[in-house]
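Just so you know, ligand 1 is whichever comes first in the structure, and atom 1 is the first atom listed for that ligand. Reckoned from all heavy atoms, side chains included, excluding hydrogens, waters and symmetry mates.
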Amino acid sequence: MSGKLTLGEHMSQRGVSRRAFMKYCSYLASTMALSPAMAPAMAQGLAAARRQAVIWLSFQECTGCTESLTRSYSPTLEDLIFDFISLDYHHTLQAVSGFAAEEAREASMEENKGKYIVIVDGSVPTRDGGVYSMIAGRTNLDILAETIENAFAVVAVGTCAAFGGLPYAKPNPTGAVPISDLVGSKPLINIPGCPPVPEAMTGTLAHILAFGELPALDDKHRPLAFFGESIHDRCYRRPFYERGLFAKSFDDEGARKGYCLYEVGCKGPIAYNTCATTKWNGGVSFPIQSGHGCFACGSPNFWDQGGFYKSLPSKTTSIGKMAAAAAVTGAALGAGAAFVASNSKKQAAKET
Ligand code: SF4
Ligand code: SF4
């Protein structure tokens, strides 16, 4: 693929019709809570975009985030966008190793000063000078500081990078911290999840490619388009919750009838993520549809929040009602952004 091609030319070479491209842009614009009128602007921006240099750093992580991004069942437009970026450094996907790999990172930083994006998965150990995770003889702390210095923005993918995740869970022996603790004033996007939903990653990248700026974020730096509503608010089992019909165990009559999973530990009411809408594996299903409650894997401290199969302290319908009321107000005013901002404040009050 030529580095001189625009994304529009790249798509056309890969056999994507203009109609399919426009359809994708309309879908993306609506997913990202942009007005329908923004779809042509998004299409224009994406079509004219040139390859974006990306340096991907992996620290204390399990590679699940990369697996999530690369496990697509069929080549989608999202895949093509991912193909289109210039992934100049990525431990798992790069062909080179050793000195050549580090040279590729340094060359990309030099050639793309102020323009490249740094994607990080994994948290960073800080105890004992950061010696618990080293790459090429250098601490993660050192490599992160050097790499983000001239970056356009940092994208923390996965709950480990966004909120510390498993390494950060008690007793946190390595002194792990999330990326937000280390980036200072550098623009930061958090895309949490264990792993994150692939469409949240590619959609965010598509937004940056199209508009040259970060999408609207909540108070935790998450794109509102994908994290603005709770799993509970979009869950198809919600009517059972409202009627007080709950599965009491995973093999009882209620479970067979598809009742709400709240009492077997579903954390959907406190989970802000896009699974109930985007779903997984190309939109096939998501955990609740498969009979298992949500763990709120994209929330801060989800490993320490007290029992994956314990139900939340008290049932409440207020979260959904507040969001619905705000949505109506936003629509009436023709101000989606107002809804998003007010929803974001409610999120801040609900999550810790
Ligand atoms: Fe769905 Fe869980 Fe909410 Fe029940 S508690 S409606 S299963 S998200
Ligand atoms: Fe994470 Fe909940 Fe989505 Fe499962 S349903 S991936 S636990 S946010």
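Taking a cutoff of 4.0 Å between a charged side-chain nitrogen and a carboxylate oxygen, Arg138 and Glu146 qualify as a salt bridge.
A search for ring-ring contact (aromatic ring centres under 6.0 Å, His included) contacts involving Tyr89 returns His91, not counting sequence neighbours. In this structure Phe240 satisfies the ring-ring contact (aromatic ring centres under 6.0 Å, His included) test together with Tyr259, sequence neighbours excluded. Judged as a ring-ring contact (aromatic ring centres under 6.0 Å, His included), and not counting sequence neighbours, the contacts of His292 are Phe250, Phe295, Tyr309.
Counted by atom type alone, Ser180 and His221 present zero donor-acceptor pairs between their side chains at under 3.5 Å.
Follow the hydrophobic side-chain contacts under 4.5 Å out from Leu144 and you never reach Ile119; the two are in separate clusters.
Around atom 2 (Fe) of ligand 1, the protein N, O or S atoms found under 2.8 Å comprise Cys266 SG.
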